[in-house]
Number of protein chains: 2
Amino acid sequence: MNTLAEENYLKCIYHLGIDAAIVSTNQIAASLNTKASSVTDMLKKLADKALINYTRYQGVTLTQAGEKIAVGIIRKHRLWEYFLVEKLNFKWDQVHDMAEEMEHISSQELVDRLDEFMGFPKHDPHGDPIPDCNGRFKTPELIPLSTLVVNQCGVISGVRDHTSPFLQYLEKQQLTIGKKITITDIIEYDHSVALKIETDKEIHISREVANNLLIAL
Amino acid sequence: MNTLAEENYLKCIYHLGIDAAIVSTNQIAASLNTKASSVTDMLKKLADKALINYTRYQGVTLTQAGEKIAVGIIRKHRLWEYFLVEKLNFKWDQVHDMAEEMEHISSQELVDRLDEFMGFPKHDPHGDPIPDCNGRFKTPELIPLSTLVVNQCGVISGVRDHTSPFLQYLEKQQLTIGKKITITDIIEYDHSVALKIETDKEIHISREVANNLLIAL
DNA sequence: TAAAAAATTTAGACTTATCTAAAATATGAA
DNA sequence: TTCATATTTTAGATAAGTCTAAATTTTTTA
Ligand SMILES: [Mn+2]
Ligand SMILES: [Mn+2]
Ligand SMILES: [Mn+2]
Ligand SMILES: [Mn+2]
């Protein structure tokens, strides 16, 4: 088995690897709030275990074995987040830190039964896909709300920023997963967006918020 | 906060302290499968944190602060065991190791909501009392089945041995928590016991089994 | 294409938790 | 009450994971 630190590195490399072919030491250090020298030490260890492809100074990618572990941890993270929100009535902005601990509970059977208990949910409270017990999942085509044009509509299906303040703001504005929205105006000056939520409520959001809200068309 | 190792030591000292006023270094070492010298090191650390009362060569007791932490961990352990059995349909002999990991999830609010979600259960799957959110619980008066006399009856309410083989054996014999039993015979030669379970099934158990089954009168 | 700057790695140190072997203390039997 | 034995503690090592500071390699820029 792998240590908690190893699991966190693998998960981190996986996430960073989504929008970069190769992941650099400094990226990992920034993401894990650690120092580059610590990262180098761990990369050697993970390479020895054949969980990453690593050559000095050249960055890393996950091996198949490493990716499998990373996806397993993400599966657990998202299933526990779903559990916390759906069964224990936490808000979507409260669950991430707890899931960061729970994702390291090792039993495979536990997570599979948890999955079954909740009816095999496909998405976590933030709209992120939950891998099945074979590690398979599909990433739906989502685009930032900021790329929509006036009169275009879509469904809120994910967020790019998972921090509490952002999620709390969205909740207050009723900009939650599953809501249908229609763009009513785009202000040229600051690229802020006016939109209607599910036919009734009309609101106005900044460019930054629009950039971090993901829409399915 | 306390480390995983510290939590395990506190819990261990708590359990050993139930039937001994003072807990010795060697007892802890045996219970945690570690060496006496490692225990001494940790005892110093826990004493520095004012979680135990410790004087060299004299054994330890928990301080109030230490006991509070220990009971909190036991609360989490038993609530997660209850969850695993009642919600995820694990057997009572399968849940201990998972709960050993889950008991270290730190969020107090999580455990309190879990408690509420399950309807504030009073006992875990092995009959052990679950402390409430203030750490209060009462230990019912239980006696080993081996102390009963012929024709005496009682209710199976706990076990002294929590290992899988024993629990599996009990399950197979239908000697599970809540079952009413009546002693029908005690064999003088080997102190084995014949008993009736809930009016119908008649079985025969060894002295050792009778010693490890706890009965409420 | 050769410096300068940035990124990465190495060297050496620290903390936590563990170990073995040796020393100190307590206990209990003669 | 003394000495043999058991218990406990100390001393010194080790492994994991982290850090700072220095050295090395890569990348950028002039
Ligand atoms: Mn999360
Ligand atoms: Mn999430
Ligand atoms: Mn248990
Ligand atoms: Mn139990």
Side-chain angles (χ1 to χ4, degrees), chain A residues 1-17 19-62 66 69-70 73 100-101 103-104 106, chain B residues 1-14 16-17 19-62 66 69-70 73 100-101 103-106:
Chain A
M1 254 306 99
N2 308 291
T3 67
L4 189 141
E6 286 167 352
E7 290 190 348
N8 283 333
Y9 273 88
L10 291 174
K11 181 169 61 114
C12 172
I13 294 166
Y14 180 88
H15 283 307
L16 293 173
D19 24 45
I22 277 184
V23 176
S24 76
T25 301
N26 270 358
Q27 278 181 291
I28 298 168
S31 171
L32 291 180
N33 265 296
T34 182
K35 302 292 153 150
S37 56
S38 308
V39 174
T40 301
D41 285 345
M42 182 57 88
L43 294 184
K44 288 177 191 163
K45 205 183 308 178
L46 294 173
D48 284 347
K49 287 188 161 195
L51 300 174
I52 59 172
N53 305 114
Y54 171 57
T55 18
R56 282 177 21 166
Y57 295 100
Q58 301 310 134
V60 290
T61 58
L62 292 176
I69 292 167
I73 294 162
E100 283 292 302
E101 292 184 57
E103 71 190 8
H104 301 288
S106 58
Chain B
M1 253 306 99
N2 307 290
T3 66
L4 190 141
E6 286 167 353
E7 289 190 348
N8 283 333
Y9 272 87
L10 291 173
K11 183 169 60 118
C12 171
I13 294 166
Y14 180 89
L16 292 172
D19 24 45
I22 278 183
V23 178
S24 75
T25 300
N26 270 358
Q27 279 180 290
I28 298 168
S31 171
L32 291 180
N33 266 296
T34 181
K35 302 292 152 143
S37 56
S38 307
V39 174
T40 301
D41 286 346
M42 183 58 88
L43 294 185
K44 288 177 192 164
K45 205 183 310 179
L46 294 173
D48 284 347
K49 287 189 162 195
L51 299 175
I52 59 171
N53 305 114
Y54 170 58
T55 17
R56 286 178 15 170
Y57 295 102
Q58 301 311 135
V60 290
T61 58
L62 293 177
I69 292 167
I73 295 162
E100 284 293 302
E101 291 184 58
E103 73 191 5
H104 301 288
I105 304 294
S106 58

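By convention in this document, chain letters (A, B, ...) are assigned in the order of the sequence lines, proteins followed by strands, and residues within each chain are numbered from 1. All of these numbers come straight from a predicted model, not from anything done at the bench.
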Atom [atom1] of [X] to atom [atom2] of [N]: distance rounded to whole Å?
X     : N      : atom1 : atom2 : answer
B:M1  : C:dT16 : CE    : P     : 16 Å
B:I22 : D:dT8  : CD1   : C1'   : 14 Å
B:E6  : C:dT18 : CD    : C1'   : 14 Å
B:K45 : C:dT15 : NZ    : C1'   : 9 Å
B:D41 : C:dT20 : CG    : P     : 13 Å
A:K49 : D:dA16 : NZ    : C1'   : 11 Å
B:K44 : C:dT18 : NZ    : C1'   : 14 Å
B:L4  : D:dA16 : CG    : C1'   : 15 Å

- request: Would you classify B:A5 as touching base, sugar-phosphate or nothing, given that sugar-phosphate means primed atoms plus P, OP1 and OP2, and contacts are heavy atoms under 4.0 Å?
  value: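 Sugar-phosphate only.
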message: Under 4.0 Å, heavy atoms only, any strand: does A:T25 hit a base, just the sugar-phosphate, or nothing?
response: sugar-phosphate
task: Could you say whether A:Q58 or B:S24 is positioned toward the 5' end of DNA chain D, judged by the nucleotide with the nearest heavy atom to each?
output: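 Mapping each residue to its closest nucleotide by heavy atoms, the 5'-most match is B:S24.
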Do [X] and [Y] make a side-chain contact, defined as non-hydrogen atoms from C-beta onward lying under 4.5 Å apart?
X     : Y     : answer
A:V60 : A:L16 : no
A:K11 : A:N8  : yes
B:L32 : B:V39 : no

Look at the side-chain N and O atoms of [X] and state whether any lies under 4.0 Å from the OP1 or OP2 oxygen of [N].
X     : N      : value
B:N26 : D:dA6  : no
B:T34 : C:dA17 : no
B:R56 : C:dA24 : no
B:K35 : C:dT18 : no
B:T40 : D:dT10 : no
B:Y9  : C:dT16 : no

- request: Search all heavy atoms of A:I69 against all heavy atoms of A:N2 and return the closest pair with its distance.
  value: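 Heavy atoms only, the tightest pair is CD1-ND2, 3.4 Å.
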Minimum-distance pair of heavy atoms, taken over all atoms of B:Y14 and B:A70: CB-CB, 3.7 Å
task: Measure distances between side-chain N and O atoms of A:Y57 and base N and O atoms of D:dT24, and say whether any donor-acceptor pair falls under 3.5 Å.
output: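 Present.
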- request: Record whether the side chain of B:S37 comes under 3.5 Å of the base of D:dT8 through a donor-acceptor pair of N or O atoms.
  value: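 No, no donor-acceptor pair under 3.5 Å.
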